[in-house]
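Chain identifiers are assigned alphabetically (A, B, ...) following the order of the sequence lines, protein sequences preceding nucleic acid strands; residue numbering begins at 1 within each chain. Atoms considered below: every heavy atom in the structure, side chains included; atoms not considered: hydrogens, waters and symmetry mates.
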Amino acid sequence: MIILHSAWREGRLFLWGEKGVNGEGGQPSRKPARRKDAKPPAHPRLAASGEIADAVRQAPMEFFPAAGDEAETVAWLPSAGGLPVPSSRLLGGMPESGVPAELENWRLRGLWLAPGVVMEWLGRCMDRKTLGPGMVLGDDIVFWTQALRFASSLTAREQFIPSLARVDDELVARWDAVWPGPDAGRLQELLKVMPHACRCLRCNGGAPVSSRMALEDFLRVQVDHMVRSSFSPAIAALNRRRRKEVFESIHEHWLHALRSPEGVLRDAEGDLEQLERQVREWRRPLTVATASSFRLCFRLEEPLVTGEGECAEAQGPWVVRYLLQAADDPSLIIDVKDAWHPTAARAMLLRRHDFNVREYLLSALGQAAGICPRIEESLKKAGPAGYELDDAGAYEFLTQKAWGLEQAGFGVMLPSWWTRKGTRARLSARVSVRSAAMQNTGALSLDEVVRFDWKLAVGDAELTAQELEALAHLKTPLVRIRGQWVQLSGDEIRAALEQWKKKGLTGALSVRELMRMAMGAHSAGRGAILEGVAAEGWVKEFLAQLQGDAAYEELPAPEGFCGTLRPYQIRGFSWLSFLKRWGLGACLADDMGLGKTIQLLTLIQRDWEKQNRAPVLLACPMSVVGNWQREAARFTPQLPVLAHHGMERARGADFRPLAARQAIVVTSYALLHRDFDLFKDVAWQGVVLDEAQNIKNPDTKQARAARLLKAQYRVALTGTPVENNVGDLWSIMEFLNPGWLGSRGEFKQNFFYQIQVDRDPEVFGRLKKLTGPFILRRLKTDKKIISDLPEKMEMKVFCPLTKEQASLYTAVVREATEVLEQKEGIGRRGHILATLLKLKQVCNHPAQFLGDHSAIEGRSGKLARLTEMLEEVLAEKDHALVFTQFAEMGTMLQRHLQETFGQEVFFLHGGTPKRERDEMVDCFQNAAGAPPIFLLSLKAGGTGLNLTRASHVFHFDRWWNPAVENQATDRAFRIGQTRRVQVHKFLCQGTLEEKIDAMIEAKKEVASGVVGAGEGWLTELSSEELKELFALREEAVQE
Amino acid sequence: MSWRDHYGFYQHSAPRVTHGGIKAQSRKGAFGEKWWARRWIATLESFQIGARLGRGRNYARNGQVLSVEVEKGRVQARVQGSRPTPYDVLIKVKTFSSGDCVRLGRALAGQALYAAKLLAGEMPGDIEKVLEKMGFSLFPGKLRDLQTRCSCPDSSNPCKHVAAVYYLLGEEFDRDPFLIFKLRGLNRDRLMALMGREEAKAGGRGKRKGGAKIEPVMAEKPDPLSTDAQLFWGGKELPSGWLGGVRTPPLHAALLKRLGSFPFWRADERFLEAVEAVYPGASEKGRKILAG
């Protein structure tokens, strides 16, 4: 494993890698000799620069480091006992606690990244913990990705000016980032979280730079680069037109340098000095604003209200008050009145901030006066502190001036009823629909056309035409209605009136259109904003059900369903059925373990019983195909299920008739695309995507294929919270309800940019409203759900074998059965147990069976499934225990999981010393930010420990003794556990694991004594029984 | 340009082509957009020097003025004429007496508006009235307030070289209203201090002198590396939403526009136009990186 680090020095980022302490290719961590006046020793655990270059390339980008990029430099690193302390426990070999660390110099080897590479590469590292297996990003790199975000945000908001900088004694033209106002606060936030490793490199003179210097330099260099890399051909052409080397003036030279890739200015020193002076003079107003530790704010205060309730009346004027807000502490606010003539305490506060308050205030007010003439008026006396205004003035301030002032970098504070989006009362239009009562729903559809009336309202009060006319003549657009300030713009009212007169107030629309309107897809355009649909009759009922305001019919579980549905599962299945009935796609996004599979099977069973017998196509990851088959066999045994995968799958003309006989055809995402020609001709009843996050990228082949399939209904199942991930939402919604969110381009324009970049909560709210009715997500921590759940839920997880596993498995079985015939007594017993062990090892992982420390990734079905499921656990911010009975498997799992997730994974086994054991348990249970995954060997960790922070327990392999497994499970499921515990027992499908499990299930009722304390009972089986037990069923193997 | 021919008459000749002289930013029409700049130029134009005004304007636009230095009470400039050696131009302006300065400060301290406007790059609109009441003018009106000299052979004073410098100064006043005070012997800091002192007196409680420090320098606090591995290697979570939203600016290059023209700009391309063109594309680039 390599942990990547990067540190900034003098305009460039140095990237280097740190290796683990024990082996893994790292040099042995011997204490290097340190001689006086020799150059510092090389870091003993450095990754080779080739490996780092590979790491950079792993983030998909074209980057080939040039020979000159590879370099040595010297860093200050915390060291103890003559060795650098590992940056993370992932690397092992942490020094004994209590050994004091000190800073020592170490030689590092790595790559210098130019600003362009930094921009590209850090951009790819955003929101990631690893670059690939075993390539972990250090916290310092995570920090730089945040700093890059900030730099991009400064560039996007145009917070930069043309300027100059001195770099290596040369004058360079630079697009200089500036951070006046709130950006100073953001810079401060960043500084607070910056790991010192970001600036650990030795500079000239030895000391490292300060955090502020490092960060500011990074921002300036990156913003400058972003600006330069954004030039359009037209801008570049301006420079090319005059490629001559002689410039008529230093100004022309400067302009040229600002537009060229490199900005170095070489001119007579006198000219350069003059330019420097002029630039300084020119940007002086900004320098003052940037250096200011306070910001001028304007607060609009409402008139005092006298009386109560309906009789409440506003008296006196509105006031705009001038305030100073500290940049580093927004809660520190000083009334400007007190700042002109500060009391001793205030003066001290301002002085402590080293702030020329008077000059700043005057200059800021002078600028604000240019935006708002009323401010200018207020300055016509000494020590202005605000001004008064009437309703019309307040309206103007709210709608125009406040915005202008904010744009200019001033703070603006407005009454909460104005700023809280959605609660502001204003003129709104509603569509009013009267439709027949909901009867005989079978005949109704979304294509039904209904007549509607427009209704105009202010707040809750509906308006007549006369009232509207009267309002149109109001002088002040801000009126107080029923104790609430309401904004009424004359323009809006006139536009609404015009529309009213021209078009009349009735129309006709399809229910589908109405539905979109009701969910906020349309606004009424000019005039009033559309605030909703008020309907009567079945349309009302339908809309209310859709938006969750009214219950949809709860259906009884179909007769052929074997099992019990929990109340929330009944609701989920009824919800699916409700949307299906209206031809709408549904995304069931319940937490892992809540039974999405069962809810969907119920839906299909119900159709089957109602003689709707067209097949349903279900696409899922390869690792869960077997699981689906088994769950269907258990809960809906009447349903014919076809697993369409493997070499033996039906092709060509055989497929259609075969599929037509099924209730469910299960296939993998890979085949969804590859066998699309088979699938596209079948008249599917439904298309279901399990783990639907697999199509989050709409450009992938599987996503395209999924969208193209024809079906009467569509369902997506996923355990990850899609509704929060705006980028992924479009693809899934486009599959479910094509066109609902508009084309991809429209979606980007209307939602994605505004949410992802602008962070506009109103747009986010609109998107939620628009998609909410199609997404059902219940968390297992929901109060309603918790009461439905048993305290402990056990689930079997069926995993496929990889081809390699399957061939190893058959080889072991072949050899074992040959030998079996020749053995008797103790020899036979030993042979059987040895074979069992080998087969279990093969099921776990080929590398465990071979014991050859070979590669881990991609060779085991169980491992793939475990990784997928743990990813969900981590996404839910949950904690998990993973049990295995093999120490060597535990070691492999630890390494694999650490490398995959880039965070520490505890492993407790027989060899763990008592003290370390206690520390791990205590940390897992109590520490904030503790490693969320805890691996335990069944023997060492199966008893005694209290690990109730976990609510998921995984049994990676089986002990074939429920009592032992339960005891292990009880580490999490015991006193102190307040949540529901999910137990996932892993089995390889079609192998002895599945068969033994079935035998135990069958005998469970008899007595646990029958199966005995260990695996000994298996040796009592006859040879025929054993052969049957060992035999591998072909369908077990994955593609 | 002109030289004296053998009859002793002036003849025009083209001035020598300059490279990198100061170029007026206004392409045509009046110099200076702001009233106080116009007011300054009006003084020049009241001198009745005929066609020399027009030639002076062309000089200013073509970059014949090679350098301008504004000091207390005087402007020194070098202007390229038709002779190889540039002419030296000197404009002397009568400075305010220190008593006048104090009175002026007191008069302007009554309203915060004056200082605020000046700091925001604007000359307060009624400043002349205020000064008039006190019996003096901010702009040199009469010849006794203003002396001009040029090393050219033209006997007319002001000559076109003086006029060119005068026009360019007008543009500079546009940019920096403090410049005219500086010329009259009252630099920015002193003027701010005078206005502040008066205001502080009126308030009665103020202790801090105005204008003491204009650019507070962030003191570089000692910031040593920690030996604690957690502090050294470990990052912390940023508060959610720390970056805020990023709306496309409704008005491009707002910062640039707030700073305005560059002092004594010397290039063919106009400063604001050339630089402003960069902003929209850069903003888009930043948004793209943020969107991932």
Measure B:Q230 against the heavy atoms of chain A and call it side chain, backbone, both or neither at under 4.5 Å. neither
Engaged part of B:D176 at the chain A interface, taking heavy atoms whose separation is under 4.5 Å: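 B:D176 touches chain A through side-chain heavy atoms alone.
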Per-residue contact mode, [X] against chain B (heavy atom under 4.5 angstrom):
X      : result
A:Q274 : side chain
A:L77  : both
A:S153 : both
A:F231 : side chain
A:V227 : both

Test item: A:D176 side-chain N/O and A:I161 main-chain N/O as donor-acceptor pair under 3.5 Å: no
Looking at [Y] and [X], is any side-chain nitrogen of the basic one under 4.0 Å from a carboxylate oxygen of the acidic one?
X      : Y      : value
B:E71  : B:K182 : no
A:E281 : A:R277 : no
A:D183 : A:R157 : yes

Taking CZ in A:R186 as the centre, count heavy atoms belonging to other residues, nucleotides or ligands within less than 6.0 Å. Is the count above 12?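 Yes - once you tally the heavy atoms of other residues, nucleotides and ligands closer than 6.0 Å, there are more than 12.
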Option in [options] with maximal non-hydrogen atom pairs under 4.5 Å from chain B:
options                        : value
A:H5, A:R228, A:K748, A:R199   : A:R199
A:S230, A:G138, A:A368         : A:S230
A:D127, A:V178, A:L190, A:I250 : A:L190
A:Q367, A:R283, A:H196         : A:H196
A:A151, A:P195, A:S378, A:A369 : A:P195

Among B:R270, B:H252, B:K257, the one residue meeting side-chain hydrogen bond (donor to acceptor under 3.5 Å, both in side chains) with B:E276: B:K257
A:S211 and A:M194: which non-hydrogen atoms are nearest, and at how many Å?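 Distance-wise, the nearest heavy atoms are CB-SD, 3.7 Å.
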Sole residue of B:W265, B:F264, B:F271 in ring pair (Phe, Tyr, Trp, His ring centres under 6.0 Å) with A:W282: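 It is B:F271, the one option of B:W265, B:F264, B:F271 that forms the ring pair (Phe, Tyr, Trp, His ring centres under 6.0 Å) with A:W282.
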